[in-house]
Amino acid sequence: MHRTSDPDISVIIAVYNAMPYLGECLESIVGQTLGAERMEVIAVDDGSTDGSGAELDRHAARHPWFRVLHQENSGGAGAPRNRALDLARGRYVFFVDADDHLGPEALERLLAMADAHDSDLVLAKQVGLGRPVTEKPYRHTERADLYTSEVYRSLHSAKLVRRRIIEAGRLRYPEDLWYGEDQLFVTELYLAAGRISVVGDYDCYYLRRRDDGQNLTSRERTAHETVAHIERVMALVSARVQDPVGRRRMLGRHFRSLLGTALRPAVAARHSDPGFTAEVYRRARALVETYWTPDMGGELAPIDWIRLYAFACGPLPAFEQLVEYDPAKGPAPRDTVENGRVYRCYPLFRDPAAGLPDVLYDVTDRLKARHHLDSMSWKGPVLRLTGHAYIPTLATDRLESEIVLRARETGAEHTAPLLARPAPELAAGDPELTMAGFLAELDLATLAGGAPIAPGTWDCFLNVRADGVTRTVRLGRRHAPELDRTARRPRVLATDPGGATELAASPFFTGYGNLSLEVVRRIPLPVA
């Protein structure tokens with residue numbers, strides 16, 4: 001195949017002993033709907049000994065847009081990726097691990113997003129094959145804010161990147177690291193990108209846990225290798241990110257990593273390899289002293305915030321006990337409510353020997369009400385709503401909740417109580433939710449102190465109260481159009497004495513599936 005112009009995408013693959021998975025990876029690239037004429041493949045065999053090099057050569061012989069290079073083993077993915085970057089000619093580059101594979105439309109969709117919105121960086125939705133993958137970074141969007149969205153949770157290399165920003169910043173993978181090197185490189189990409197987009201409506205990238213356990217990241221690590229990449233990426237974020245929200249969120253992500261990928265294995269090795277544990281502890285404590293600020297607590301799950309505090313402030317046996325505690329095993333920790341505050345009773349709560357402050361266990365501000373709108377109907381000017389609403393872990397037999405209508409234009413509010421009803425569909429899974437259902441009857445003709453509510457747009461909220469704790473949520477359901485369409489027809493609330501005008505209300509759902517009311521004064525049609 002003779003090219004008359006540079007390709008749109010350079011697909012870069014670092015390969016080391018990836019058989020038998022390599023074949024599926026390469027075939028998934030050959031089968032891309034984008035078309036061979038719009039891409040090139042640069043695969044670097046990093047000293048494979050299992051036939052991976054020969055598999056690459058076979059594909060290169062059949063596909064002239066494949067380029068294969070062979071080199072001595074470098075010990076990591078950074079050096080072969082850098083060598084491929086030096087040769088890449090595409091407007092964009094996309095990195096693929098040799099034991100993973102792509103969905104057939106992945107590159108076409110990623111490039112379409114980039115070209116349509118002038119994106120420098122496009123995240124590809126990942127699917128785990130035998131390994132967990134969080135969905136949080138992959139919410140489909142044309143523009144994601146690095147500091148307020150969840151995209152920074154994804155530091156895997158499988159992203160479409162405008163090559164110009166790589167070369168302008170002279171960005172390359174660190175070659176002295178084999179573990180976590182992608183975190184440094186991808187963080188540099190995030191900071192260099194003008195626009196970040198996400199293809200989250202298609203399964204683009206299949207991330208595999210190998211049956212033989214030979215993923216590179218599963219290799220045994222020294223204490224230095226365990227911590228070095230976290231030290232460097234924290235230093236990078238601290239030096240480059242001035243926005244306080246962005247700095248807090250990005251560093252918070254790496255403190256989560258510090259707990260999970262460094263301190264957890266250090267605790268596990270404290271008896272078998274005390275030297276490893278001591279060095280990890282020492283370097284981790286230096287990171288806490290250098291970069292932790294009090295406002296980062298909200299960036300960690302409650303149990304992780306307790307763990308990190310115990311690590312930083314001691315006693316150390318308390319920290320180690322907390323790390324070994326697995327909330328997923330055994331009964332869930334109970335909540336206790338005191339003076340309107342909710343404390344989750346994780347281990348060592350109010351244990352005098354541990355001396356951990358109550359505020360670490362306070363989850364009040366993290367609690368979210370769960371709710372669902374099931375039905376909507378009219379009875380004269382009365383709008384009847386049914387559904388369920390509750391605050392997880394708090395008693396539903398003492399719900400004192402209400403519905404709130406809030407005028408979008410003025411902020412004025414009217415309220416009506418929610419009447420508790422049985423919720424058998426919830427109780428089947430959790431008997432504590434037996435009375436989590438509700439019925440609301442809104443007499444819109446008298447709700448404003450005996451008068452009809454005023455013309456305007458009224459958004460519907462719930463104040464969900466239990467055990468002295470209140471959570472306010474927008475009332476709605478994601479699949480709102482399924483609700484009875486007849487209930488969304490205008491309903492007359494009042495007619496003026498002369499009959500010249502009337503006040504009518506029309507329920508509608510916003511683009512997010514939330515319930516609102518449009519109240520208008522109109523001239524009625526004459527009756528024949």
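Basis for what follows: all heavy atoms, side chains included, without hydrogens, waters or symmetry-related copies.
- In this structure, Asp467 contributes its side chain and Val469 its backbone to no donor-acceptor pair below 3.5 Å.
- Taking both residues in full, the closest heavy atoms of Tyr390 and Ala436 are given as CD2-CB, 4.0 Å, listed atom of the first, atom of the second, then distance.
- Figure legend: cation-pi geometry between Arg221 and Tyr179, with NZ or CZ positioned under 6.0 Å from the six-membered ring centre and within 45° of its axis.
- Side-chain atoms of Asn463 and Thr472 form a donor-acceptor pair, as typed in the model, at a separation below 3.5 Å.
- Under 3.5 Å, the side chains of Asp459 and Ser516 contain a donor-acceptor pair of N or O atoms.
- In terms of heavy atoms, Ser157 sits closest to Asp182 at OG-CB, 3.4 Å.
- Take Ser272 and apply the side-chain hydrogen bond (donor to acceptor under 3.5 Å, both in side chains) test, not counting sequence neighbours, and it matches no residue.
- Within a 6.0 Å radius of CD in Glu135, no more than 12 heavy atoms belonging to other residues, nucleotides or ligands are found.
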What verdict does the salt bridge (charged side-chain N to carboxylate O under 4.0 Å, His left out) test give for Glu24 and Arg208, after you've listed the backbone C-alpha separation in whole Å, the side-chain angles of each residue and the deciding distance to 0.1 Å? CA-CA 11 Å; Glu24 183 178 13; Arg208 185 191 306 276; 2.6 Å; yes

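- Here the CG atom belonging to Leu475 is positioned 4.5 Å from the CG atom belonging to Leu462, to the nearest 0.5 angstrom.
- Judged by distance alone, the side chain of Ser28 and the main-chain N or O of Cys25 form a donor-acceptor pair under 3.5 Å.
- In this structure, Arg344 forms no cation-pi arrangement with Tyr361, as its terminal cationic atom is not both closer than 6.0 Å to the ring centre and no more than 45° off the ring axis.
- One side chain, Glu108 or Thr33, offers a donor N or O that lies under 3.5 Å from an acceptor on the other.
- Residue Phe255 is tested with Trp292, Phe311, Tyr309, Tyr291 for a ring-ring contact (aromatic ring centres under 6.0 Å, His included); the sole match is Trp292.
- For Arg465 and Ser401, the side-chain atoms include no donor-acceptor pair closer than 3.5 Å.
- For the 3.5 Å distance criterion, the side chains of Tyr343 and Asp335 fail to qualify, holding no donor opposite an acceptor.
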Please assess Arg350 against Glu338 for the test salt bridge (charged side-chain N to carboxylate O under 4.0 Å, His left out), listing each intermediate value before the final yes or no. CA-CA 14 Å; Arg350 293 180 177 168; Glu338 296 178 2; 2.9 Å; yes

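- For Tyr147 and Tyr190, the gap between ring centers reaches or exceeds 6.0 Å.
- Between the side chains of Lys159 and Ser154, a donor-acceptor pair is found at a separation under 3.5 Å.
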What's the verdict on salt bridge (charged side-chain N to carboxylate O under 4.0 Å, His left out) for Asp358 and Arg341, showing C-alpha distance, side-chain angles and the deciding distance? CA-CA 11 Å; Asp358 283 4; Arg341 305 303 298 180; over 6 Å; no

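- One finds the CD atom of Gln32 at 4.0 Å from the CG atom of Leu107 (value rounded to the nearest 0.5 Å).
- Using modelled atom types, no side-chain atom of Asn514 and backbone atom of Cys460 make a donor-acceptor pair closer than 3.5 Å.
- Looking only at atom types and distance, the side chain of Ser238 has a donor-acceptor partner in the side chain of Arg247 under 3.5 Å away.
- Side-chain contact annotation: Arg283 with His224, donor-acceptor N/O pair under 3.5 Å present.
- Closest approach of Glu225 and Glu220 over heavy atoms only: OE1-O, 4.2 Å.
- Within the model, atoms OG of Ser257 and CG of Leu155 stand 8.5 Å from one another, a figure rounded to the nearest 0.5 Å.
- Note that the NE2 atom of His117 and the CG atom of Asp120 stand 13.5 Å from one another [nearest 0.5 Å].
- By the 4.0 Å N-to-carboxylate-O rule, Glu188 lies too far from Arg172 to be salt-bridged with it.
- The backbone N or O of Tyr512 sits less than 3.5 Å from a side-chain atom of Thr510, completing a donor-acceptor pair.
- The aromatic ring centres of Phe95 and Phe185 sit less than 6.0 Å apart.
- Looking only at distances, no side-chain donor or acceptor of Arg248 sits under 3.5 Å from a matching main-chain atom of Val245.
- Atom CG of residue Leu258 and atom CZ of residue Arg285 lie 11.0 Å apart, to the nearest 0.5 angstrom.
- In terms of heavy-atom proximity, Leu110 sits nearest to Val199 at CD2-CG2, 3.8 Å.
- A side-chain donor from one of His156 and Asp97 sits under 3.5 Å from a side-chain acceptor of the other.
- Separation of atoms CG (Leu287) and CZ (Arg282) is listed at 10.5 Å; rounding is to 0.5 Å.
- For Arg209 (side chain) and Gly130 (main-chain N/O), a donor-acceptor pair under 3.5 Å exists by modelled atom type.
- Between the side chains of Tyr152 and Thr187, a donor-acceptor pair is found at a separation under 3.5 Å.
- Nearest heavy atom pair, residue Arg249 against residue Ser149, reads NH1-O, 3.3 Å.
- The number of heavy atoms from other shown groups lying within 6.0 Å of CZ (Arg370) does not exceed 12.
- A donor-acceptor distance shorter than 3.5 angstrom exists from the side chain of Thr277 to the backbone of Ala266, with no hydrogens or angles considered.
- Nearest approach of Ser48 to Tyr16, heavy atoms of both residues: OG-CA, 3.3 Å.
- A donor-acceptor contact closer than 3.5 angstrom links the side chains of Ser74 and Asp46.
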